A.B. asks: 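Take this structure first; my questions come after.
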Amino acid sequence: MSDTILRVGVADDDALMREFLRALIDGDDELELAGLACDADEAAELARTEQPDVMVLDWVMPAGGGPAAARQILEEDPEMRVVALTSSDGGEASMDMLRAGAKSFLVKGAPPSEIIEGIKGAARL
Amino acid sequence: VEAPAPGRDGVEERVRVEPDHSTALDAETLLVLRADLGDEKLTELLGRFVERLDSRFADMRASLAGSRDEELRRQAHALKGSAATYGARRLATLCSDLEKEGASPRAPSLLDDIAAELSAVRDSTPGRLGQTA
């Protein structure tokens, strides 16, 4: 893992959320966008090819969603940090993602600073 | 939006309440976004969100018409996330309801409410951006 700049991959099937997260990451000096994916298969491919420090995975996505992506990513690279991102779906989403290996959980609609800190925090775990 | 109201014989009736266009976007959420993203980026992203509301709504209508339950739930889920991000709280709640309902008999009424709320979000956006600047 890099000492200063964290490379972050983002997977969300909603183009608007991808754009939003790109803007947050681009606006932070300690983060660098490693790539964007729009389903679980693309997320796994992005993780494999770009080797980001942290992968942010939406819970609901085509091709099995965040849990499928997390399992695949962590099977290939157990050291990679996976952060779950979803709407406020409560316990089911968080349990689903944490069981799949996510280190932490971010909620859509949270202040940008919380999202950024959540990504950085996962890298420190 | 429907709200419960006391009816005759103590039975609640559902009455349609017109959305309040002045509160369709949460001012505090936009202030926080502005502080973190800056005026220019917020205007750009919020503009894109509003710009795509019609096509997203059309997609949900088409999914319901085609009885594509899973697709409808996924579309409602996606719009819920974007709506929550930009402080469109009522829209997020309605989308959450639609996500849970799927292509049920209640879905057409929910889509009508969503259409009204989309209009409120669209109408309140320039004012809200002005207030945050």
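These numbers were taken from a predicted model, which means no experiment stands behind them. Here is how names work: the chains are called A, B, and so on, in the same order as the sequence lines, proteins then strands, and each is numbered from 1.
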A.B. asks: Kindly work out whether a path of hydrophobic side-chain contacts (I/L/V/M/F/W/Y, heavy atoms less than 4.5 Å apart) joins A/M80 to A/M61.
C.D. replies: no
A.B. asks: Is A/V54 reachable from A/L98 through a run of I, L, V, M, F, W or Y residues, each pair having side-chain heavy atoms under 4.5 Å apart?
C.D. replies: no
A.B. asks: Please answer: with hydrophobic residues joined when any side-chain heavy atoms are less than 4.5 Å apart, are B/V32 and A/L106 in the same cluster?
C.D. replies: no
A.B. asks: How many angstroms lie between CG in B/L53 and CG in A/L16, if you round to the nearest 0.5 Å?
C.D. replies: 8.5 Å
A.B. asks: When you compare the side chain of A/T86 with that of B/H77, does any pair of heavy atoms fall below 4.5 Å?
C.D. replies: yes
A.B. asks: Any heavy-atom pair between the side chains of A/F20 and B/F49 that's under 4.5 Å?
C.D. replies: no
A.B. asks: Can you name the nearest heavy-atom pair linking B/D36 to A/S113, along with the distance?
C.D. replies: OD2-N, 3.5 Å
A.B. asks: Report the option among A/A23, A/P62, A/A110 that has the most heavy-atom pairs separated by less than 4.5 Å from atoms of chain B.
C.D. replies: A/A23
A.B. asks: May I ask you to list the residues in residues 26-42 of chain A that approach chain B closer than 4.5 angstrom, counting heavy atoms only, ordered by number?
C.D. replies: none
A.B. asks: Can you list every pair that meets side chain to side chain donor-acceptor pair (under 3.5 Å) and has a residue in residues 14-25 of chain A, with sequence neighbours left out?
C.D. replies: A/D14-B/R56, A/D14-B/S82, A/E19-B/R48, A/E19-B/R52
